[in-house]
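Step one of this worksheet: look at the structure below.
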Amino acid sequence: MDNYTLLHEAFVGNMSQHQIQEKSNLTLPIICFFAGAAIMFFQLPAGINLHWFLMPFLGLALITFGIIKFVRTPKHQYTPSKKPVHLTRRYFHGADKDYIINCLTKGEVKPGYTFSTGESSSVLLEAYTEKDGNFLAAQVSHYVPYEYHVITEPIFLHGEEAKKITKALAL
């Protein structure tokens with residue numbers, strides 16, 4: 001592997017420097033899971049008139065809701081805005097490699113640029129973005145037989161510059 005920091009390692013290794021943090025508010029999923037388990041296996045107080053055969057289904061529904069909330073919780077968020085970021089992997093033709101790198105490193109965007117078409121997709125762009133495009137963290141890799149090798153350091157863009165690049169690369 002080359003001597004570049006991987007994008008994911010930049011997030012996990014030193015999140016405060018790049019203003020990314022892991023979202024860890026798992027209170028609701030945990031409460032739902034344990035409440036569902038309690039309802040399934042224990043009797044409710046005598047004052048509540050639910051049929052005994054409905055209790056396991058109610059408990060199972062709460063457990064399922066807790067699991068879904070746990071799985072769908074965004075894993076990372078951009079600290080200043082507290083908005084979730086999501087990972088996008090986009091594959092490009094090798095002829096587009098220089099344009100992609102120039103977009104990310106120098107901010108050079110060519111209006112109306114069309115990406116090459118074909119069956120080869122030897123360039124991989126991994127990018128964490130906010131939904132509104134105000135934050136972009138990206139890294140470019142190139143395919144060398146059997147695996148992708150990183151060819152840029154992680155690149156972090158904010159504000160209008162991030163929106164411009166996100167739009168240009170269709171992320």
Completion exercise
In terms of heavy-atom contacts, A127 and L136 come closest through CB-CD1, 3.7 Å
Handout entry: Euclidean distance, L124 CG relative to Y148 OH, rounded to 0.5 Å
Key = 6.0 Å
Problem - Point-to-point distance, once rounded to the nearest 0.5 Å, from OG of S141 to NE2 of H149 - result: 9.5 Å
Handout entry: Main-chain N/O of K83 paired to E130 side chain as donor or acceptor, under 3.5 Å
Key = no
Problem - R90 side chain vs L169 backbone, donor-acceptor pair below 3.5 Å - result: yes
Exercise for the section: Take atom CZ of F34 as the centre, draw a 6.0 Å sphere, and report whether it contains more than 12 heavy atoms from other residues, nucleotides or ligands. Expected result: no
Handout entry: Approximate separation, where rounding is to 0.5 Å, of L62 CG and I31 CD1
Key = 11.0 Å
Practice task
Could you tell me whether the side chain of F65 reaches within less than 4.5 Å of the side chain of F33, counting heavy atoms only?
Solution key: no
Exercise for the section: Answer yes or no: is there a donor N or O on one side and an acceptor on the other, between the side chain of T152 and the main chain of V140, under 3.5 Å? Expected result: yes
Fill in the blank from the handout: Between the NE2 atom in H93 and the OG atom in S122, the distance rounded to the nearest 0.5 Å is 7.0 Å
Handout entry: Note, I165 side chain near V109 side chain (heavy atom, < 4.5 Å)
Key = yes
Exercise for the section: Go through L87 and E126 one step at a time and tell me if the side-chain contact (heavy atoms from CB on, under 4.5 Å) criterion holds. Expected result: CA-CA 7 Å; L87 175 64; E126 291 183 301; 4.3 Å; yes
Fill in the blank from the handout: When rounded to the nearest 0.5 Å, the distance separating CG of L104 from CD of Q139 is 10.5 Å
Exercise for the section: Could you check if a side-chain atom of P154 sits within less than 4.5 angstrom of a side-chain atom of F156, using non-hydrogen atoms only? Expected result: yes
Exercise for the section: May I ask you to test the N134-H158 pair for a side-chain heavy-atom distance under 4.5 Å? Expected result: no
Problem - side chain to side chain donor-acceptor pair (under 3.5 Å) contacts in which one or both residues fall within residues 99-111, not counting sequence neighbours - result: none
Fill in the blank from the handout: One should read off an interatomic distance between I151 CD1 and I100 CD1, to the nearest 0.5 angstrom, of 8.5 Å
